[in-house]
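Some notes on the structure that comes next.
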Amino acid sequence: PYAYSLLQDAASKQPNDPAVLSLFATAALAVGRIDQATNTMNLVAAGTNTAHATAARSLVERVEFALRPDANRVPASVEQAIANDPDSLA
């Protein structure tokens, strides 16, 4: 919770910094604030920083998939990882 509160403060002071927002979202996820984490990562995903946006979309997909294990779809990031390295399942 301490790291979460520090990152929450940092995110409020630097609301346009994708690195800070990504760290804050990860901390929110760690303390069980799923909605806050996914909302923050969606903000990062909509941003212009390609590396952070790609990582944010991947995290949101994985969180949403984990919350809905009955869904009959695999996140695109997982499909891509398997396509890139099919032997990773062996």
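Below, all heavy atoms of this structure are taken into account, side chains as well, without hydrogens, waters or symmetry copies. If you're wondering where the values come from, they're calculated on a predicted model, not measured in any experiment.
- Sorted pairs that involve residues 38-57 and meet side chain to side chain donor-acceptor pair (under 3.5 Å), not counting sequence neighbours, are lacking altogether.
- For the pair L29/L59, a side-chain contact is recorded, criterion being any heavy-atom separation below 4.5 Å from C-beta on.
- Cluster membership for V31 and L6, using ILVMFWY side-chain heavy atoms within less than 4.5 angstrom, is not shared.
- For the atom pair CZ (R62) and CE (M41), the distance works out to 8.5 Å, reported to the nearest 0.5 Å.
- In this view, N16 satisfies the side chain to side chain donor-acceptor pair (under 3.5 Å) rule with no residue, not counting sequence neighbours.
- For the residue pair A56 and A45, the shortest heavy atom distance occurs at CB-N, 3.7 Å.
- Between Y4 and Q36, the shortest heavy-atom contact is OH-OE1, 2.5 Å.
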